[in-house]
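Comments concern the structure below.
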Amino acid sequence: MDQESLSRSETPVIEAVSASKTYTRLRREAGLRRALIALIRQEWVTVEALSDINFRVYQGQIIGLVGPNGSGKSSLIKMLAGVIPATTGIVRVLGHIPSRRKREFLRRIGLVLGQRSQLLQELPACEALNLHRAVYDIPEDAFKASVDEYSELLGVADLLQIELRQLSLGERMKIELVAVLSHGPEVLLLDEPTIGLDNTSITAMMKMLRDLASRDLLTAIISSHSIEALTEVCDWYLNLVKGELHKSYCLPL
């Protein structure tokens with residue numbers, strides 16, 4: 001039995017069934033007159049960020065989430081992490097409903113949002129990482145071993161004494177990844193993690209993630225507007241266009 005057949009006999013680690021997400025926003029048109037009218041008569045519009053999303057991901061798989069800007073990639077990543085709830089449908093990750101934000105669930109996932117840092121930028125990287133260790137109550141020896149391993153693999157070992165705000169965007173992204181990997185997540189959700197990285201750094205990051213999937217059966221979803229950045233690491237791909245899943249490449253490309 002091949003790996004694909006074997007994995008499909010197991011319970012999915014990540015599952016979305018007819019999942020949708022809608023937002024309600026206040027409509028404001030340009031112009032002073034229309035702005036004054038809007039103060040009296042507010043008009044709300046419904047925006048559908050995700051529509052009828054269906055897929056399953058199994059242990060040890062790395063999935064690419066691709067599509068143009070505004071296609072719903074970030075909304076889907078946030079929904080899987082429990083940052084936002086699904087409006088309709090079912091979303092399960094590691095057997096949990098993510099939006100319930102249970103502590104047990106949060107300890108088992110890692111989330112990197114390329115457009116928003118989760119570490120304090122005013123601190124040196126090593127202190128920001130130590131704060132992350134305290135939040136997750138990671139034993140010091142295990143934490144040091146993880147930080148040493150991942151910072152070396154990502155080429156940021158020499159940057160840990162520098163304030164995060166003084167680092168480049170790509171360097172900060174690498175340290176964000178070191179942080180989330182330090183508590184040993186079973187599921188990794190990465191939203192545009194290659195922002196600010198050159199081709200060499202992207203290759204190193206993807207090789208590390210592929211090795212973790214093979215060694216530790218890490219399961220990951222990685223979003224990008226460019227499929228080229230993900231070709232060396234992903235088992236298959238989800239293609240989002242305007243909130244709809246247009247195509248699922250279920251075999252490696």
Side-chain angles (χ1 to χ4, degrees), residues 7 10-16 55-65 73-74 76-84 91-120 125-126 128-154 156 172-195 204-224 230 233-235 238:
S7 64
E10 302 170 351
T11 301
V13 174
I14 301 171
E15 182 178 27
F55 67 93
R56 291 178 175 178
V57 182
Y58 295 83
Q59 188 178 38
Q61 290 184 330
I62 297 182
I63 309 307
L65 180 59
K73 300 188 302 296
S74 295
L76 182 53
I77 291 286
K78 290 176 182 178
M79 196 162 66
L80 295 174
V83 176
I84 59 175
V91 175
R92 292 192 185 93
V93 178
L94 294 165
H96 292 266
I97 304 298
S99 58
R100 294 177 181 172
R101 305 284 289 172
K102 290 188 176 181
R103 183 176 178 83
E104 177 191 355
F105 166 72
L106 296 177
R107 292 186 65 89
R108 296 171 68 188
I109 70 166
L111 172 66
V112 172
L113 299 173
Q115 302 292 345
R116 186 176 67 185
S117 175
Q118 299 180 82
L119 298 175
L120 290 178
C126 58
L129 289 169
N130 269 315
L131 185 58
H132 182 84
R133 182 195 70 79
V135 169
Y136 281 87
D137 194 24
I138 308 168
E140 288 191 25
D141 289 346
F143 175 76
K144 184 179 184 304
S146 294
V147 170
D148 288 349
E149 177 185 4
Y150 300 130
S151 61
E152 187 67 33
L153 289 172
L154 291 171
V156 293
R172 293 198 303 271
M173 287 303 303
K174 293 177 187 179
I175 290 173
E176 293 274 348
L177 185 55
V178 170
V180 299
L181 288 173
S182 68
H183 68 267
E186 299 169 51
V187 170
L188 200 57
L189 302 169
L190 306 179
D191 185 25
E192 299 284 3
T194 59
I195 288 178
M205 177 183 288
M206 296 306 159
K207 181 182 184 302
M208 184 188 71
L209 294 174
R210 185 74 266 172
D211 291 344
L212 286 173
S214 299
R215 185 187 75 185
D216 301 334
L217 292 181
L218 175 73
T219 305
I221 293 184
I222 310 172
S223 80
S224 177
L230 307 178
V233 69
C234 293
D235 295 294
L238 296 167

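This is a predicted model, so every value here is computed, not measured.
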(request) Calculate, to the nearest 0.5 Å, the distance between atoms CD1 and OG1 belonging to Ile62 and Thr219 respectively. (result) 8.5 Å
(message) Any non-hydrogen side-chain atom of Met208 less than 4.5 Å from a side-chain atom of Leu177?
(response) yes
(message) For a quick test of reading the model, state the closest non-hydrogen atom pair linking Arg101 to Val83 and the distance between them.
(response) NH1-N, 4.0 Å
(message) Quick one, Leu212 with Leu181, criterion side chain to side chain contact (heavy atoms under 4.5 Å, CB included). Give me CA distance, side-chain angles, the key distance, then yes/no.
(response) CA-CA 10 Å; Leu212 286 173; Leu181 288 173; 3.9 Å; yes
(request) State, to 0.1 Å, how close Glu176 and Leu119 come at their nearest heavy-atom pair, and which atoms those are. (result) OE2-N, 3.4 Å
(request) With sequence neighbours excluded, tell me which residues meet side-chain hydrogen bond (donor to acceptor under 3.5 Å, both in side chains) with Thr194. (result) none
(message) Is it the case that atom CZ in Arg215 sees more than 12 heavy atoms from other parts of the structure closer than 6.0 Å?
(response) yes
(message) Side chains of Ser182 and Ile138, heavy atoms from C-beta outward: is any pair under 4.5 Å?
(response) yes
(message) Rounded to the nearest 0.5 Å, what separates atom NE2 in His183 from atom CG in Asp137?
(response) 12.5 Å
(request) Please report the closest heavy-atom contact between Arg92 and Pro98, naming both atoms and the distance. (result) CA-CD, 4.3 Å
(message) If you apply the rule side chain to side chain contact (heavy atoms under 4.5 Å, CB included), what do you find for Ile222 with Leu209, and how did you get there?
(response) CA-CA 10 Å; Ile222 310 172; Leu209 294 174; 3.7 Å; yes
(message) Let me confirm one number: the OH-CD1 distance from Tyr58 to Ile14, rounded to the nearest 0.5 Å.
(response) 11.5 Å
(request) State which residues pass ring-ring contact (aromatic ring centres under 6.0 Å, His included) with Phe105; sequence neighbours excluded, sorted by chain then number. (result) His96
(request) Over all heavy atoms of both residues, which pair between Gly110 and Pro185 is shortest? Give the atoms and the distance, please. (result) N-CB, 3.5 Å
(message) Is any side-chain heavy atom of Leu111 closer than 4.5 Å to one of Val180?
(response) no
(message) Do His132 and Gln118 make a side-chain contact, defined as non-hydrogen atoms from C-beta onward lying under 4.5 Å apart?
(response) no
(message) For a 4.5 angstrom cut-off between non-hydrogen side-chain atoms, does Ile109 reach Leu80?
(response) no
(message) Tell me every residue that passes salt bridge (Lys or Arg N to Asp or Glu O under 4.0 Å) with Glu152, counting only those two or more places apart in sequence or in another chain.
(response) none
(message) Please find the pair of heavy atoms, one from Leu129 and one from Ile175, that lie closest to each other, and give the distance.
(response) CD2-O, 4.0 Å
(request) Kindly give the heavy-atom pair with the smallest separation between Asp191 and Ser223, and that separation in Å. (result) OD1-OG, 2.6 Å
(request) Measure the OG-CG distance between Ser224 and Leu65 for me, rounded to the nearest 0.5 Å. (result) 9.5 Å
(message) If I take atom CG from residue Asp216 and atom CD from residue Gln59, how far apart are they, to the nearest 0.5 angstrom?
(response) 10.5 Å
(message) Once rounded to the nearest 0.5 Å, what's the spacing between atom CD of Gln61 and atom CG of Asp235?
(response) 5.5 Å
Can you give the donor-acceptor pairs under 3.5 Å from side chains of residues 139-146 to other protein atoms, not counting sequence neighbours?
from, atom 1, to, atom 2, distance (Å)
Lys144, NZ, Asp148, OD2, 2.8
Ser146, OG, Ala142, O, 3.1

(message) Going by the rule salt bridge (Lys or Arg N to Asp or Glu O under 4.0 Å), which residues pair with Asp211 if we only count those two or more places apart in sequence or in a different chain?
(response) Lys207
(request) Take Val13 and Leu94 through the test side chain to side chain contact (heavy atoms under 4.5 Å, CB included) and record every step on the way to the result. (result) CA-CA 5 Å; Val13 174; Leu94 294 165; 3.8 Å; yes
(request) Could you note down all residue pairs passing side-chain hydrogen bond (donor to acceptor under 3.5 Å, both in side chains) where residues 102-112 supplies at least one of them, sequence neighbours left out? (result) Arg108-Glu186
(request) Carefully, step by step, assess Leu76 and Phe55 under the rule side chain to side chain contact (heavy atoms under 4.5 Å, CB included). (result) CA-CA 12 Å; Leu76 182 53; Phe55 67 93; 4.1 Å; yes
(message) With heavy-atom distances below 4.5 Å as the criterion, would you say the side chains of Val156 and Arg172 are in contact?
(response) no
